[in-house]
Amino acid sequence: MTETLPARTAPLPPKWNPAEVEGVLYQRWVDRGYFEADPASGKPPYCIVIPPPNVTGSLHLGHAMDHTLIDVLTRRRRMQGYDALWLPGMDHAGIATQSVVERRLAEAGEPTRRELGREEFVRRVWEWKAESGGAILGQMKRLGDGVDWTRERFTLDEGLSRAVRAVFKKMFDEGLIYRAERLVNWSPALQSAISDIEVDHKEVEGELVSIRYGEGEDSVVVATTRVETMLGDTAVAVHPEDERYAHLVGRTVRMPITGRDVPVIADPYVDPEFGTGALKITPAHDPNDFEMGRRHDLPMPTIMDESGVIANSGTEFDGMDRFAAREAIREQLRAEGRIVAEKRPYTHSVGHDSRTGVPIEPRLSLQWWVKVESLAKASGDAVRSGETSIHPPEMASRFFDWVDNMHDWCISRQLWWGHRIPVWYGPDGETVCVGPDEEPPTGEGWRQDEDVLDTWFSSGLWPFSTLGWPEETPDLERYYPNSVLVTGYDILFFWVVRMMMFGTYAMGRSPFEHVYLHGLIRDEHGRKMSKSKGNVIDPLELIDAYGADALRFTIARGSNPGTDMSLSTEWVAGSRNFTTKLWNAVRFALANGADPALPLPQEPTDADRWILGRLREVREQTDALLEDFQFAKATEGLYHFTWDELCDWYLELAKPQFDDPATAEGTRAVLGHVLDALLRILHPIVPFVTEALWTALTGGETVVTATWPGADTGLPVDAAAVARVEALQKLITEVRRFRTEQGLPDRRSVAAALVGLEAAGLAGHEKAVRFLTRLDPTGADFAPTATVEVALGSVDGASAGGSASAGATAGGSASAGATVHVELDTSGAIDVAAERARLGRDLAAAQKELEQAEKKLGNPKFTEKAPAAVVDGIRARREAAVAEIERVTARLEGLPAS
RNA sequence: GGGCGCGUAGCUCAGCGGGAGAGCACUCGGUUUACACCCGAGCGGUCGCAGGUUCGAUCCCUGCCGCGCCCA
């Protein structure tokens, strides 16, 4: 491979070109095996498994967020000396994948699924899997995911399929999996059962129709939103104590249309206050009615087929779609004078298949179920006991609500793509569950269950099936439980709960030490991204335009725990600007000979001490924040340090230091040290640009496996140096402000005398002040026309050039500070009005400050009750305000009349 | 209906008992020997409303208004 990046001594290219370089760097990382975990390494293990993306989809920004945050965590741990494993892979997404392939067959004019037959159809799906899955892998590489490709897994792999059969067998034998005929959420579109969490309840505008059953005094009125279900009614129910209907209980009423006589039953479930107090009962098509039917041993006729068409009702409505039948039956009833009331529109909640959006049809059918009670309890206990901690903690309550109120889980799906249920039925009604190492029964009349398992059944095993379970592999021994699971809070009930249930059951331990739940990515105005709104952003387009680092930095900077973030191309462009800034900073450093291999100077300058102290603080703060999953705050802190402190101030202060032979070498060392550490700290967030810059700066092979900066980073904070640098910044800013307001552009030569620098402790900083304010030395003809007075907080001048000992503290800020007078020769009259306006604003601010302070100090309760430190602080502010008012007032009086 | 959360600068969001912050946007100035994907200086807020607790409330409590999400 060609090395496109320069060696340390060569200058960096003037521009960072991510599109050209990122792919090369990524391939090099993979080729050199940096991301491969090693159970034999002797290092402490750290493991995160990917929340498996759906093989049929493509990665969207939500995935980009998962991947960025996981990559930040694992790359940092790797640098910290852990044996870090990020395990990649995908799930087979039974329903979604089968639907896509069926649609593609139809679009290509090929035979249908049933025409092809099961074996051939499944072969076609594997072809599609290779194509679609490959695209996802490519996306992960573009994002820079530091995954261990040698351990990539797929839920339908041989190993993972063994895990599915093993856990199914164990649960079957222990009675936790059973087969039962029950009412399920049936999707007429998919023609399959789906689980509760695949159903969305939505308010819809329908109708509420009241129908009279029976004749005359012996009639009852029932109301329904689904008129067509009356074809399957087998009872009318009333409350046992409802006197209005007491005479009917135990008798029958004659149904319209079907002409059937159905019993009137009494059941306390009926709310006598609701509607007429009488309910029509359709046990095969409504969950509540089903329970009632079981209690009263009612017949349960199914009057629809798998696609939602009326069937076997014995009426002329057979063959009619359920919605068409609803209208037709209603009109028939109307013609017979049976309708006594109609409410339309009637808003009520209807379950919809979350994938197709089609209304669910509750359907009586024979399915396989998981008995969840003990599993859900164990999952809840794992969190309650602290074995697993959920971040942010507020999310734990949702988790508990869910696991404490969970219904049995329907796991069979009427599909072909997935793990076929490992149960065989014999000719004489035998049922045999076949384990992974057993041979299925052979012989006449034996057949395997036709259905496959819910995809979540296999992805629930993911934290350990991917590590080799049920075999006792070194990986399993070492990487289970996983360190962290990172996923969106919207996925809590899908993955997290299922994985917790299976992990506690099969492994006896919760699968995760930590679960970090991030928010959703929304558009720039906080709206959910959706195809229908047309506001979806493709992560690959952002990477093409701005680089993967820019996308990653944007995501990390916006990701506060548990809260959604807004994202737009402008934010990403801003992050791209950050990488460019970093690039230019290192370019400048290299051009001036910065080198981290040089020893730090014996006598660092104030600027050196300040930036080295800040570096130490920032490194400590970043570590603490990342340990607590505070990605946004950690990233924001690094942004601020890099741009506002390192680039805006230290690099500028370094310029005069480079000019001075006494400080040039030390500055090379300090700048090298700071950038070396900063690039390593930034690497997990922006891996590409930091790799290019760090290798150029240090000559090292790669930053991927470089050591994470430790306690010896930077220097202890030197408070005296900090105070002097802050005074310097204030002085420079005030002069710049004056120049701006006086309309004195930088190129315009302005001579000035700096009076009082020494008293302010800034004796050694005149050169820096002049450089950063563009003030020239005074000549023989110096004639000042204006003075800028800058009141500085007290800085301990005596300690200038002193040692950088830890814990040094400057004098208290309460003592009166020094004032530096900058006398300028503006070569002409100054703009008195501008100066008066500027001083007026300063005066108003000082007066407001004084007013607030005096109000507080004038309140005896405040001085009595508030902590002494707070009171002292307010007193100091009052004194400073008084001094400022005096100074500004004097200046104003000294101005010529305008 | 139950639960959770949110209303802070034009936009997106931090801050959550003692001096209102950031990014973007905006205004003015700038071909400064790293960077115009930039530099310098600014403008901009009764911190949703009303009570309460407190010496002191954007921050704690209560109610109201508006918005969002989850579950039924």
Side-chain angles (χ1 to χ4, degrees), chain A residues 11-12 14-16 196-197 200-201 349 351 392 394-402 405 489-490 492-493 519-520 522-528 546-547 550 554 557-558 560 562-571 573-592 594 630 632-633 636-637 639-640 643-644 647-648 651-652 654-655 658-659 732-748 771-774 838 841 845 848-849 852-853 855-867 869-871 873-874 876-877 880-881:
Chain A
L12 283 171
K15 287 203 68 159
W16 165 237
D196 291 346
I197 52 174
D200 290 337
H201 292 271
S349 181
E394 308 90 80
M395 287 287 175
S397 59
R398 272 196 199 184
F399 176 82
F400 292 135
D401 286 348
W402 182 259
N405 298 294
Y489 63 72
D490 55 327
L492 184 65
F493 307 131
L520 276 34
R522 296 172 172 276
D523 77 1
E524 60 192 307
H525 295 296
R527 294 171 308 188
K528 209 165 182 173
Y546 303 107
T554 305
R557 196 178 179 194
N560 282 112
T563 57
D564 295 350
M565 71 169 290
S566 294
L567 185 143
S568 75
T569 54
E570 281 85 47
W571 306 164
S575 299
R576 184 273 318 271
N577 296 351
F578 175 79
T579 60
T580 305
K581 189 73 178 174
L582 193 62
W583 181 267
N584 284 311
V586 175
R587 225 159 55 88
F588 167 79
L590 287 175
N592 285 281
Q630 302 275 359
K633 290 182 180 66
E636 183 65 26
Y639 178 94
H640 177 253
W643 202 309
D644 303 335
C647 291
D648 282 355
L651 290 189
E652 295 304 320
K655 287 172 184 173
F658 279 131
D659 274 349
I732 290 166
T733 301
E734 286 299 316
V735 175
R736 284 172 171 172
R737 190 178 158 214
F738 175 84
R739 287 190 66 133
T740 295
E741 277 156 12
Q742 288 295 320
L744 299 169
D746 289 347
R747 67 175 116 67
R748 166 113 170 249
F771 175 72
L772 292 176
T773 55
R774 312 281 153 189
R838 181 174 77 96
R841 281 197 299 275
K848 188 180 171 194
E849 176 80 358
Q852 287 177 341
K855 190 176 163 194
K856 287 199 168 191
L857 293 168
N859 180 351
K861 285 180 179 169
F862 172 71
T863 49
E864 282 165 28
K865 296 198 175 184
V870 172
V871 178
I874 301 289
R877 282 168 52 195

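Just so you know, these numbers use all the heavy atoms, side chains as well, and skip hydrogens, waters and symmetry mates. The structure presented is a predicted model; accordingly, all values stated were derived computationally and were not measured.
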Applying side chain to side chain contact (heavy atoms under 4.5 Å, CB included), name anything that partners A:Lys855, two or more places apart in sequence or on another chain.
none
Per A:Asp648 side chain, nearest of listed nucleotides B:rC39, B:rG19, B:rC55:
B:rC39
May I ask you to say what A:Pro14 touches in the nucleic acid, namely base, sugar-phosphate or nothing, with a heavy-atom cut-off under 4.0 Å?
nothing
Any heavy-atom pair between the side chains of A:Arg587 and A:Trp583 that's under 4.5 Å?
yes
Quantified in whole Å, what is the C1' atom distance between nucleotide B:rC43 and nucleotide B:rC26?
8 Å
Any donor-acceptor pair, under 3.5 Å, between the side chain of A:Gln742 and the base of B:rA41, if you only look at N and O atoms?
no
Looking for any heavy atom pair under 4.0 Å, which part of the strands does A:Arg737 touch: base, sugar-phosphate only, or nothing?
sugar-phosphate
Separation of atom CG in A:Asp659 from atom C1' in B:rU33, rounded to whole Å
10 Å
Rounded to whole angstroms, how far apart are CG on A:Leu744 and P on B:rU32?
18 Å
Say you draw a straight line from NZ of A:Lys528 to CG of A:Asp523; how long is it, rounded to the nearest 0.5 Å?
12.5 Å
Same-atom distance (P) from B:rA25 to B:rC61, integer angstrom:
37 Å
Geometric cation-pi criterion A:Arg774 and A:Phe771, 6.0 Å radius, 45° cone
yes
Heavy atoms from C-beta onward define the side chain here; which of B:rG40, B:rA34, B:rG19 lies closest to that of A:Leu651?
B:rA34
Rounding to an integer number of angstrom, what distance separates B:rG48 and B:rU58 when you compare their C1' atoms?
12 Å
Rounded to whole Å, CZ of A:Arg774 lies from C1' of B:rU31 at a distance of 13 Å
Take the protein atom CG of A:Asn859 and the nucleotide atom P of B:rC55, then report the distance between them rounded to whole Å.
9 Å
Hey, which of these two, A:Glu524 or A:Ala589, hits RNA chain B nearer its 5' end, going by closest nucleotide?
A:Glu524
How is A:Thr733 classified with respect to the nucleic acid when contacts are heavy atoms under 4.0 Å: base, sugar-phosphate, or nothing?
sugar-phosphate
Taking only the side-chain nitrogens and oxygens of A:Lys581, find out if one of them lies under 4.0 Å from OP1 or OP2 of B:rC39.
yes
Just compare B:rC35, B:rG3, B:rG15 and give me whichever is closest to any side-chain atom of A:Asp401.
B:rG3
Counting side-chain heavy atoms from CB outward, which of B:rA14, B:rC55, B:rG19 is closest to A:Arg877?
B:rG19
Inter-residue atom distance A:Trp16.CH2 - A:Thr579.OG1, 0.5 Å rounding
8.0 Å
Which heavy-atom pair separates A:Ala585 from A:Leu651 by the least distance, and what is that distance?
CB-CD1, 3.8 Å
To the nearest Å, give me how far apart NZ (A:Lys855) and P (B:rG18) are.
17 Å
Check every strand shown and say whether A:Asn592 touches a base, only sugar-phosphate, or nothing at a heavy-atom separation below 4.0 Å.
nothing
Can you tell me, in whole Å, how much space there is between the P of B:rG51 and that of B:rC59?
14 Å
Base, backbone or nothing for each nucleotide of nucleotides 65-72 of chain B, written B, S, -, heavy atoms under 4.0 angstrom, 5' to 3'?
----BS-S
Distance in angstrom units between A:Asn584 CG and B:rU32 C1', rounded
15 Å
Length of the line joining A:Met565:CE and B:rC13:P, which is rounded to integer Å:
9 Å
Need one value for A:Ser568: base, sugar-phosphate or nothing, where a base atom within 4.0 Å counts as base even if backbone is also close, heavy atoms only.
nothing
Would you indicate whether the side-chain heavy atoms of A:Arg527 and A:Arg522 approach each other to under 4.5 Å?
no
When you measure from the side chain of A:Trp571 to the backbone of A:Ser566, do you find a donor-acceptor pair of N or O atoms at a distance under 3.5 Å?
yes
Picking from B:rA14, B:rC55, B:rU33, the nucleotide nearest the side-chain atoms of A:Phe771 would be B:rU33
Measure all distances between protein nitrogen or oxygen atoms and nitrogen or oxygen atoms of nucleotides 22-25 of chain B, and list the pairs falling under 3.5 Å.
unit_1 : atom_1 : unit_2   : atom_2 : d
B:rA22 : O2'    : A:Glu636 : OE2    : 3.0

Salt bridge (Lys or Arg N to Asp or Glu O under 4.0 Å) filter on A:Glu741, not counting sequence neighbours, yields A:Arg737, A:Arg838, A:Arg841
Apply ring-ring contact (aromatic ring centres under 6.0 Å, His included) to A:Phe578 and list each qualifying residue two or more places apart in sequence or on a separate chain.
A:Phe553, A:Tyr639
Do the non-hydrogen side-chain atoms of A:Lys633 and A:Asn560 ever get within less than 4.5 Å of each other?
yes
Of the candidate nucleotides B:rC55, B:rG40, B:rG19, which contains the atom at the shortest distance from the side chain of A:Lys856?
B:rG19
For the atom pair NZ (A:Lys655) and CG (A:Leu772), what is the distance rounded to the nearest 0.5 Å?
8.5 Å
In dot-bracket, 5' to 3', how would RNA chain B read with Watson-Crick or G-U wobble pairs under 3.5 Å, [ ] for crossing ones and | for pairs to another strand?
((((((((.[[[[.)..(..]]]].(((((.......))))).....[[[[[..)....]]]]]))))))).
Earlier contact from the 5' end, RNA chain B, for A:Leu567 and A:Thr580
A:Leu567
Report which part of the nucleic acid A:Lys655 touches: base, sugar-phosphate, or nothing (heavy-atom distance under 4.0 Å, all strands).
base
Checking B:rA41, B:rC55, B:rA34 against the side chain of A:Arg587 (C-beta onward), the nearest is B:rA34
Does a donor on one side chain and an acceptor on the other come within less than 3.5 Å for A:Asn577 and A:Tyr546?
no
Which listed nucleotide (B:rA41, B:rG18, B:rC13) is nearest to the side chain of A:Ala866?
B:rG18
Sugar-phosphate only, base, or nothing, as touched by A:Gln630 at under 4.0 Å among non-hydrogen atoms
nothing
Trace of the side chain to side chain contact (heavy atoms under 4.5 Å, CB included) decision for A:Lys856 with A:Gln852:
CA-CA 6 Å; A:Lys856 287 199 168 191; A:Gln852 287 177 341; over 6 Å; no
Measure the shortest side-chain to side-chain distance between A:Phe862 and A:Ile874 over non-hydrogen atoms and say whether it is less than 4.5 angstrom.
yes
If I pick the C1' atom on B:rC16 and the same atom on B:rU8, what distance separates them, to the nearest angstrom?
11 Å
Compare side-chain N and O positions of A:Lys848 against OP1 and OP2 of B:rG19 and report whether any pair is under 4.0 Å apart.
no
Please report the distance separating the P of B:rA20 from the corresponding atom of B:rC13, rounded so that it comes out in whole Å.
24 Å
Counting side-chain heavy atoms from CB outward, which of B:rG40, B:rC11, B:rC37 is closest to A:Thr740?
B:rG40
Provide the distance between the two P atoms, one in B:rA22 and one in B:rA9, to the nearest whole Å.
13 Å
B:rG40 versus B:rA14 - spacing of their P atoms, nearest Å
27 Å
From CD of A:Glu864 across to C1' of B:rC55 the rounded distance in Å is 9 Å
If you only use heavy atoms from C-beta on, which nucleotide in B:rG40, B:rA34, B:rC13 is closest to the side chain of A:Ser566?
B:rC13
